[in-house]
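Note that these values count all heavy atoms, side chains included, but never hydrogens, waters or copies made by symmetry.
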Amino acid sequence: MATTPSTYLGRFPTTRMRRNRRFAWSRELVRENRLSVSDLIWPLFIRDGRGVREPVASMPQVDRLSVDLVVEAVAEAVELGIPVVALFPATDPAKKTPGAEEAWNPENLVCTAVRAIKERFGQKIGVLCDVALDPYTSHGHDGLLENGYVVNDPTLDALCKQAVVQAEAGCDIIAPSDMMDGRIGAVRNALDEHNFEQVLIMSYAAKYASAFYGPFRDAVGSAASLGGGDKKTYQMDPGNGDEALREVALDLDEGADMVMVKPGMPYLDLVWRVKAAFGVPTFAYQVSGEYAMLCAAAQRGWLDHDRVMLESLLGFKRAGADGVLTYFARDAARALATQGK
Ligand code: PBG
């Protein structure tokens, strides 16, 4: 991570900042931050069936894939050197219930996909699974609902069951994204009790109640379930920054191995503050709405797709992120590979 510049700032005309910028080689030489394929985590959406590829309307180039095609996508990720894929299920609405029981069905889409991926690729790639109930609840909330309120402690038990079946399927990184209080400690305990003390936890520690999740909720079908509802009683208020540091401190104390700030671009100040305050592995999620925004402008010819993609990802690195969850991961990996040639 970058350090504070010295107090020596120089003076024109002896100092000319443009000298270092004159040639490609000198710009390369003094570049402070770089994006590499090892910074990328690629989220993938899973649906049922075989040989099915169903586009997500609000996310160009992103599809819901049946498990066999998810495995093919992971083969590409391995080929490109992407270190981790993140799996999200688009659950058949008929399997959604108020109690989210499908979340801990060992035969659910996520567990089936994890087993298929691990069988074929072993530790050539890491698999991250979200822990939250929203893909499985008929009301679309991340937790259990009682009298219209998402109840914290009963939700923890459900999240632990979900985390354990995912670990049993072979998941390497459990990523709780639900924002219940105490969930990291509860999930860590549950994993340890089932002899999964080696399974990592990446906590969605500072996760905001954001409008930028819209296309994701279309992709997994939770928007329809949620109706006009919002998640403001558990996700953070976009006006708060100090509170994010407190969330991160609690999650680290409860055993998180890595933490995440989400969304990404509108919250880069938090990436910086978290990295500076704790110095732990810190990730950012360039969420679906950020992806949709950049792609939409590129489709209209208003922005250059590859250049804004790489610039936005480099921005995360400059802000101190150790890596980025991004729907651009495959495109960015390809662009980086050709740049290197
Ligand atoms: C589920 C979850 C969400 C995202 C990741 N995990 C949506 C939400 O909280 O409503 C959003 C990802 C994105 O927008 O790309 N808890």
What's the verdict on salt bridge (Lys or Arg N to Asp or Glu O under 4.0 Å) for Asp172 and Lys118, showing C-alpha distance, side-chain angles and the deciding distance?
-> CA-CA 10 Å; Asp172 301 293; Lys118 284 289 141 183; 2.7 Å; yes
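- Following chains of ILVMFWY side-chain contacts shorter than 4.5 Å, one cannot reach Ile46 starting from Val52, and the two form parts of different hydrophobic clusters.
- Salt bridge present: Asp322 and Lys275 bring a charged side-chain N and a carboxylate O closer than 4.0 Å.
- Side-chain contact check for Asp242 versus Arg273: some heavy-atom pair is nearer than 4.5 Å.
- In this structure Phe216 satisfies the ring-ring contact (aromatic ring centres under 6.0 Å, His included) test together with Phe45, Phe88, sequence neighbours excluded.
- Within a 6.0 Å radius of CZ in Arg34, other residues, nucleotides and ligands contribute more than 12 heavy atoms.
- Under the ring-ring contact (aromatic ring centres under 6.0 Å, His included) criterion, Phe196 pairs with no residue at all, not counting sequence neighbours.
- Leu144 and Tyr149 end up in the same hydrophobic cluster when Ile, Leu, Val, Met, Phe, Trp and Tyr side chains are linked at under 4.5 Å.
- Here the side chain of Tyr204 pairs no donor or acceptor atom with the backbone of Val131 at under 3.5 angstrom.
- Tyr213 and Leu226 are assigned to two separate hydrophobic clusters, defined by single-linkage of ILVMFWY side chains at heavy-atom distances under 4.5 Å.
- Residues Leu87 and Ile117 have side chains in contact (heavy-atom distance under 4.5 Å, counting atoms from C-beta outward).
- Side-chain contact between Asp39 and Leu313: absent, with no pair of heavy atoms (C-beta onward) separated by less than 4.5 Å.
- No single ILVMFWY cluster, assembled from side-chain heavy atoms under 4.5 Å apart, contains both Ile201 and Leu250.
- Rounding to the nearest 0.5 Å gives a distance of 11.0 Å between CG of Leu40 and CZ of Phe316.
- By the 4.5 Å heavy-atom criterion applied to side chains, Arg16 and Arg21 are not counted as neighbours.
- Residues Asp92 and Arg47 are not paired through a salt bridge, judged by the lack of any N-O separation under 4.0 Å between the basic side chain and the carboxylate.
- A salt bridge does not link Lys161 with Glu101: every distance from a Lys NZ or Arg NE/NH1/NH2 to an Asp or Glu carboxylate oxygen is 4.0 Å or more.
- Between Glu290 and the choices Pro215, Pro266, Ser210, the side chain to side chain contact (heavy atoms under 4.5 Å, CB included) rule is met once, by Pro266.
- Distance check, rounded to the nearest 0.5 Å: CE of Met179 to CG of Asp142 gives 10.0 Å.
- Other residues, nucleotides and ligands contribute more than 12 heavy atoms inside 6.0 Å of the CD atom of Glu76.
- A side-chain donor-acceptor contact under 3.5 Å links Ser312 and Gln286.
- Between Arg188 and Asp192 there is a salt bridge, with a side-chain nitrogen of the basic residue lying less than 4.0 Å from a carboxylate oxygen of the acidic one.
- No more than 12 heavy atoms of other residues, nucleotides or ligands lie within 6.0 Å of CZ in Arg50, so this atom counts as exposed by the packing criterion.
- Heavy atoms only, all atoms of each residue included: Gln166 and Val110 are closest at NE2-CG1, 4.0 Å.
- Between Gln339 and Leu310, the closest side-chain pair of non-hydrogen atoms falls below 4.5 Å.
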Evaluation steps, side chain to side chain contact (heavy atoms under 4.5 Å, CB included), between Phe121 and Val71 | CA-CA 9 Å; Phe121 305 105; Val71 172; 3.9 Å; yes
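- Note: Ser222 OG to Lys96 NZ = 6.5 Å, rounded to the nearest 0.5 Å.
- Residues Ile173 and Asp257 form no side-chain contact, since every pair of their non-hydrogen atoms from C-beta on lies 4.5 Å or further apart.
- Salt-bridge annotation for Arg31 and Glu28: present, with a side-chain N of the basic residue lying under 4.0 Å from a carboxylate O of the acidic one.
- Nearest heavy atom pair, residue Val114 against residue Cys129, reads CG2-SG, 3.6 Å.
- Classification of Asp178 and Lys207 as a salt-bridged pair fails, no side-chain N sitting under 4.0 Å from a carboxylate O.
- Residues Arg334 and Glu79 are not paired through a salt bridge, judged by the lack of any N-O separation under 4.0 Å between the basic side chain and the carboxylate.
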